[in-house]
2 protein chains.
Amino acid sequence: MGVSDRRTRHRVNLRREILDAASQLFVEEGYQRVTMRRIAERIEYSPTTIYLYFKDKAELFQAICEETFSQLTGTLERLEAAPGTPLAHLREGLQTYIDFGLQHPAHYAATFLRTTKGGEASHYDGSIGARAVDTLRQRAAACVESGDIHTTNIDMTTQALWASIHGLTALLTTEHGFPFVAPKVLIDHLLDVLIAGLRSQIAAPRTSPPRPAHTPKPFSFID
Amino acid sequence: MGVSDRRTRHRVNLRREILDAASQLFVEEGYQRVTMRRIAERIEYSPTTIYLYFKDKAELFQAICEETFSQLTGTLERLEAAPGTPLAHLREGLQTYIDFGLQHPAHYAATFLRTTKGGEASHYDGSIGARAVDTLRQRAAACVESGDIHTTNIDMTTQALWASIHGLTALLTTEHGFPFVAPKVLIDHLLDVLIAGLRSQIAAPRTSPPRPAHTPKPFSFID
DNA sequence: ACCCATGGCGTAACGCTGTTAACTATATGA
DNA sequence: TCATATAGTTAACAGCGTTACGCCATGGGT
């Protein structure tokens with residue numbers, strides 16, 4: 001038994017080695033530029049060995065992303081316990097989300113900037129990204145309950161918030177070369193606008209005019 | 001001379017054929033899944049012929065994106081002439097931007113979801129994406145001038161708006177499988193919140209508390 | 001003590017990719 | 001008519017993710 005224990009320990013260790021080496025490479029150079037052969041070179045094994053531990057390159061990368069993202073959800077859930085008003089909690093959650101994306105751009109991109117193929121419609125329940133979004137939803141719901149904000153649909157509001165902070169994170173991490181104002185300032189401003197916008201909906205929940213004609217053609221997407 | 005005219009006409013035509021065939025394929029299947037060989041097959045030429053007209057796959061795709069995006073900037077500039085308040089103009093501009101992304105997800109993704117490599121920092125001045133953003137800036141500036149909104153930095157506000165609508169566009173086009181509320185509703189809501197948020201800044205330009213400690217590590221990005 | 005099965009890993013290869021070098025055929029201008 | 005330029009093709013290269021297969025040390029059964 002002790003022998004087979006040592007065996008499985010070795011298995012686990014090698015799996016960890018692969019994860020660590022691959023993670024570092026992915027962060028440094030991005031998904032596409034990293035090859036299975038280069039990962040193998042790092043750990044001084046043959047390329048095919050990786051396939052004994054991971055089905056393919058995508059699964060390897062997803063495993064890494066899930067590990068990284070569990071840090072985010074962990075941080076978000078820990079913030080829950082901290083003192084503060086629901087509105088402050090919400091703001092901190094949004095802030096944390098953005099900061100996370102800026103600190104882990106490769107993993108963030110892999111999880112949320114992946115141009116998924118049209119056919120499959122990957123199952124989202126329990127997905128690592130969905131969990132992070134869900135914590136934001138809880139914060140928003142708390143604000144509704146405390147009367148700080150009002151909305152006709154909490155999911156709608158959560159998704160609008162998510163879209164905004166996702167967009168900022170995506171732009172800041174991918175659009176280098178664009179002359180952005182200082183990130184801190186930009187982030188603060190966006191959060192100001194969003195929260196002010198949500199709060200103002202208390203008084204006037206329907207600001208929008210009955211939307212002009214301007215009907216876009218039904219779009220045919222993919223990738 | 002007439003002969004060389006015919007020659008160049010042929011050149012232009014073939015270039016068009018390549019652009020059209022490639023565009024259709026890219027839209028249908030996305031950048032990665034389309035190969036030079038398949039494009040060549042479509043137009044019934046050898047793969048290498050494409051390289052007589054475009055430096056490489058990336059340049060071919062960028063040419064397509066620029067054509068498509070010029071439609072967006074064209075639409076945006078035409079909207080300028082339409083009657084309406086500055087605020088309505090701004091909203092229409094944001095709306096148009098999102099609709100465009102939903103109608104041309106592949107081109108949008110190629111232009112704005114491209115995970116650019118860290119080193120080069122592509123020149124953004126005059127870039128096709130930057131032009132679209134610039135029209136949004138003009139609309140926002142008009143709102144400031146008319147007194148509809150207030151901001152300490154028009155670039156900051158433009159970028160915050162851009163980030164939000166980019167995020168929504170990106171999520172709606174890439175995150176299939178996620179249970180979004182109806183796109184129309186979601187878009188309207190986001191625009192409501194954003195514009196309400198900007199308007200409320202007139203009365204209270206500094207809503208944000210002096211930001212809690214929570215300093216994120218300086219991030220080391222790439223990809 | 002022997003044998004065989006199993007697990008862990010490497011070698012070689014397949015089919016694919018973007019791209020380039022070298023070649024051919026056609027048509028032009030002198 | 002001959003040289004030259006142009007437009008296109010064929011063949012190949014280097015690299016990719018991935019798989020089929022062979023090797024060898026170890027472990028348990030007899």
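Not measured: the values here are computed from a predicted model. Naming convention: chains lettered A, B, ... in sequence-line order (proteins, then strands); numbering from 1 in each chain.
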K.L.:
Taking CD from B/Gln32 and P from C/dC16, how many angstroms apart are they, rounded to a whole number?
P.N.:
17 Å
K.L.:
Among C/dG18, D/dA20, D/dT10, find the nucleotide with the atom closest to the side chain of A/Thr48.
P.N.:
D/dA20
K.L.:
Is A/Thr49 close enough to C/dG10 that one of its side-chain N or O atoms is under 4.0 Å from OP1 or OP2 there?
P.N.:
yes
K.L.:
Nearest-Å distance, OH (B/Tyr31) to P (C/dG18)?
P.N.:
8 Å
K.L.:
Reckon A/Tyr45 touches a base, only the sugar-phosphate, or nothing at all at heavy-atom distances under 4.0 Å?
P.N.:
sugar-phosphate
K.L.:
Please confirm whether any donor atom in the side chain of B/Arg37 sits under 3.5 Å from an acceptor in the base of C/dG18, or the reverse.
P.N.:
yes
K.L.:
Is the A/Phe61 ring parallel, tilted or perpendicular to the A/Tyr31 ring (thresholds 30°, 60°)?
P.N.:
tilted
K.L.:
Which sits closer to the 5' end of DNA chain D, A/Asp56 or B/Pro47, going by the nucleotide each is nearest to?
P.N.:
B/Pro47
K.L.:
State whether B/Ser46 places a side-chain N or O below 4.0 Å from either non-bridging phosphate oxygen (OP1 or OP2) of D/dG8.
P.N.:
no
K.L.:
Nearest-Å distance, CZ (A/Arg15) to C1' (C/dC9)?
P.N.:
18 Å
K.L.:
Taking atom P of C/dT17 as reference, at what distance in whole Å does atom OH of B/Tyr51 sit?
P.N.:
11 Å
K.L.:
Check the distance between D/dG15's P and A/Glu41's CD and give it to me in whole angstrom.
P.N.:
12 Å
K.L.:
C/dC9, D/dA11, D/dA12: which one has an atom nearest the side-chain heavy atoms of A/Tyr53?
P.N.:
C/dC9
K.L.:
Can you measure A/Leu14 atom CG to C/dG10 atom P for me and round it to whole angstrom units?
P.N.:
9 Å
K.L.:
Please confirm whether B/Phe100 and B/Tyr108 have ring centers closer than 6.0 angstrom.
P.N.:
no
K.L.:
Which one, D/dT19, C/dT17, C/dT19, comes nearest to the side chain of B/Met36?
P.N.:
C/dT19
K.L.:
Calculate the interatomic distance between A/Arg33 atom CZ and D/dC16 atom P; express it in whole Å.
P.N.:
13 Å
K.L.:
Between the side chain of A/His107 and the main-chain N/O of A/Val27, is any donor-acceptor distance below 3.5 Å?
P.N.:
no
K.L.:
If you only use heavy atoms from C-beta on, which nucleotide in D/dA7, C/dT19, D/dC16 is closest to the side chain of B/Leu52?
P.N.:
D/dA7
K.L.:
Would you kindly give the NZ-to-P distance between A/Lys55 and D/dT18, to the nearest whole Å?
P.N.:
8 Å
K.L.:
Would the number of heavy atoms belonging to other residues, nucleotides or ligands and lying under 6.0 Å from CD of B/Glu66 be above 12?
P.N.:
yes
K.L.:
Does any donor atom in the side chain of B/Ser46 or B/Thr49 lie under 3.5 Å from an acceptor atom in the other side chain?
P.N.:
yes
